[in-house]
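Quick note: residue numbers are just sequence positions, from 1. The figures here come from the full heavy-atom set of this structure, side chains too, leaving out hydrogens, waters and symmetry mates.
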Amino acid sequence: MIISTSKSWLLTALLCISLMAGAQQRANAVFHEVKNKEVVQSLFPKAEKIEKENNYWFRILDGSKNLLGYAMSSMPFCKEVTGYNDNTPVMIITDAKLKIIKIALLSNWETASYVQKLETKGFFKLWDNKNVKQAQKVQIDGYTGATMTAKAVDKNVQFLLDNGLKNLPEKK
């Protein structure tokens with residue numbers, strides 16, 4: 001009985017330490033707000049409206065309702081996909097022919113220096129200039145120091161690519 005009590009105490013102590021470490025990690029994390037509109041307008045300065053096409057795709061339109069491109073966001077779908085600190089939602093932005101022009105990390109709690117490492121190494125550009133089908137074939141190598149963030153971003157991107165391909169926008 002003494003052994004099981006000491007094991008129970010040890011497990012409880014380890015659990016408490018683990019929870020405190022996680023809380024401390026989160027306490028040190030800084031929220032990075034990214035506004036979807038700003039991401040879209042960084043690529044399409046004339047963008048004035050975003051209209052829902054289907055459950056995954058959104059049309060990006062100018063003031064005259066001309067199609068500029070498309071966007072998909074993993075935000076409502078991939079809440080359980082976490083990087084180092086928390087959710088890692090992404091937006092995929094394409095041109096009007098569905099060629100990817102940007103993968104953007106949306107509002108997140110990831111460590112800025114790790115995200116910067118990924119940007120510096122060209123991680124977010126791995127999918128650029130590929131159509132949705134070609135982009136599905138992108139293989140991610142390990143990124144030392146930012147592996148959890150990279151894997152989480154990749155899961156979000158793959159989710160969107162898989163579902164986006166099954167639900168392509170209608171040609172107008």
Side-chain angles (χ1 to χ4, degrees), residues 29-79 81-141 143 145-146 148-172:
V30 176
F31 183 69
H32 305 282
E33 183 175 8
V34 178
K35 296 186 178 179
N36 297 1
K37 182 178 180 180
E38 289 174 6
V39 174
V40 169
Q41 287 183 328
S42 73
L43 299 166
F44 300 111
K46 294 181 179 183
E48 289 191 21
K49 190 169 186 178
I50 297 176
E51 290 182 349
K52 187 173 184 173
E53 169 78 19
N54 60 40
N55 286 337
Y56 298 97
W57 291 98
F58 292 83
R59 290 184 299 277
I60 302 169
L61 307 169
D62 67 12
S64 300
K65 294 200 172 195
N66 294 314
L67 179 67
L68 301 172
Y70 292 95
M72 290 189 287
S73 173
S74 68
M75 189 52 202
F77 305 107
C78 299
K79 293 178 183 176
V81 178
T82 58
Y84 188 72
N85 286 313
D86 204 344
N87 298 1
T88 54
V90 299
M91 179 184 287
I92 297 176
I93 301 175
T94 73
D95 63 14
K97 295 180 181 178
L98 299 176
K99 187 176 271 190
I100 295 172
I101 54 177
K102 185 171 185 83
I103 302 288
L105 185 60
L106 299 177
S107 296
N108 67 85
W109 289 90
E110 295 304 285
T111 306
S113 61
Y114 292 157
V115 174
Q116 185 60 47
K117 277 184 187 182
L118 292 173
E119 286 178 4
T120 301
K121 291 182 178 186
F123 174 77
F124 293 99
K125 294 182 183 270
L126 291 172
W127 297 275
D128 286 3
N129 299 312
K130 293 175 176 57
N131 65 38
V132 177
K133 192 167 188 148
Q134 294 167 332
Q136 285 182 305
K137 297 175 184 171
V138 170
Q139 296 293 314
I140 305 303
D141 292 330
Y143 286 88
M148 292 175 73
T149 302
K151 285 182 178 180
V153 167
D154 183 48
K155 280 185 181 180
N156 278 276
V157 169
Q158 290 306 318
F159 173 86
L160 288 174
L161 294 173
D162 291 346
N163 287 286
L165 190 59
K166 293 175 192 170
N167 299 279
L168 290 171
E170 291 181 22
K171 301 285 183 188
K172 297 195 179 194

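Residues passing the ring-ring contact (aromatic ring centres under 6.0 Å, His included) test with F159 are F77, sequence neighbours excluded. With sequence neighbours left out, the salt bridge (charged side-chain N to carboxylate O under 4.0 Å, His left out) criterion links K99 to no other residue.
Contact detail for K52 and F58: the closest heavy-atom pair is CA-CD2, 3.5 Å. Nearest heavy-atom pair across M91 and V39 is SD-CG1, 4.2 Å. Nearest heavy atom pair, residue N163 against residue N167, reads O-ND2, 2.8 Å. The two atoms that bring L160 and S74 nearest to each other are CD1-N, 3.6 Å, heavy atoms only. Here the shortest heavy-atom pairing between Y56 and M72 reads O-CG, 3.0 Å. Closest non-hydrogen pair, I103 versus I92, comes out as CD1-CG1, 3.4 Å.
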Worked verdict on S42 versus E38 for side chain to side chain donor-acceptor pair (under 3.5 Å): CA-CA 6 Å; S42 73; E38 289 174 6; over 6 Å; no

What's the verdict on side chain to side chain contact (heavy atoms under 4.5 Å, CB included) for V157 and L126, showing C-alpha distance, side-chain angles and the deciding distance? CA-CA 11 Å; V157 169; L126 291 172; over 6 Å; no

Evaluate the side chain to side chain contact (heavy atoms under 4.5 Å, CB included) criterion for residues D162 and Q136: first the C-alpha distance (whole Å), next the side-chain angles of each, then the deciding distance (0.1 Å), finally the verdict. CA-CA 7 Å; D162 291 346; Q136 285 182 305; 2.6 Å; yes

Assess whether side chain to side chain contact (heavy atoms under 4.5 Å, CB included) is satisfied between L105 and V34, documenting all intermediate values. CA-CA 8 Å; L105 185 60; V34 178; over 6 Å; no

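Taken to the nearest 0.5 Å, the NZ atom of K46 stands 13.0 Å off from the CD atom of Q41. Note that NZ of K117 and CD of E119 are 13.5 Å apart. Values are rounded to the nearest 0.5 Å. With values rounded to the nearest 0.5 angstrom, E53 atom CD is found 6.0 Å from E170 atom CD. Atom NZ of K166 is separated from atom CG of N55 by 13.0 Å, given to the nearest 0.5 angstrom. Note that the CG atom of L61 and the CG atom of L68 stand 7.0 Å from one another [nearest 0.5 Å]. Atoms OH and CD, on Y70 and E51 in that order, are 11.0 Å from each other to the nearest 0.5 Å.
Considering only heavy atoms from C-beta on, T149 stays 4.5 Å or farther from F123 through its side chain. Side-chain contact between W57 and L98: present, with at least one pair of heavy atoms (C-beta onward) separated by less than 4.5 Å. You'll find the side chain of K137 stays beyond 4.5 Å of the side chain of K130, heavy atoms only.
Among N156, V138, I100, N131, the single residue meeting the side chain to side chain contact (heavy atoms under 4.5 Å, CB included) criterion with L161 is I100.
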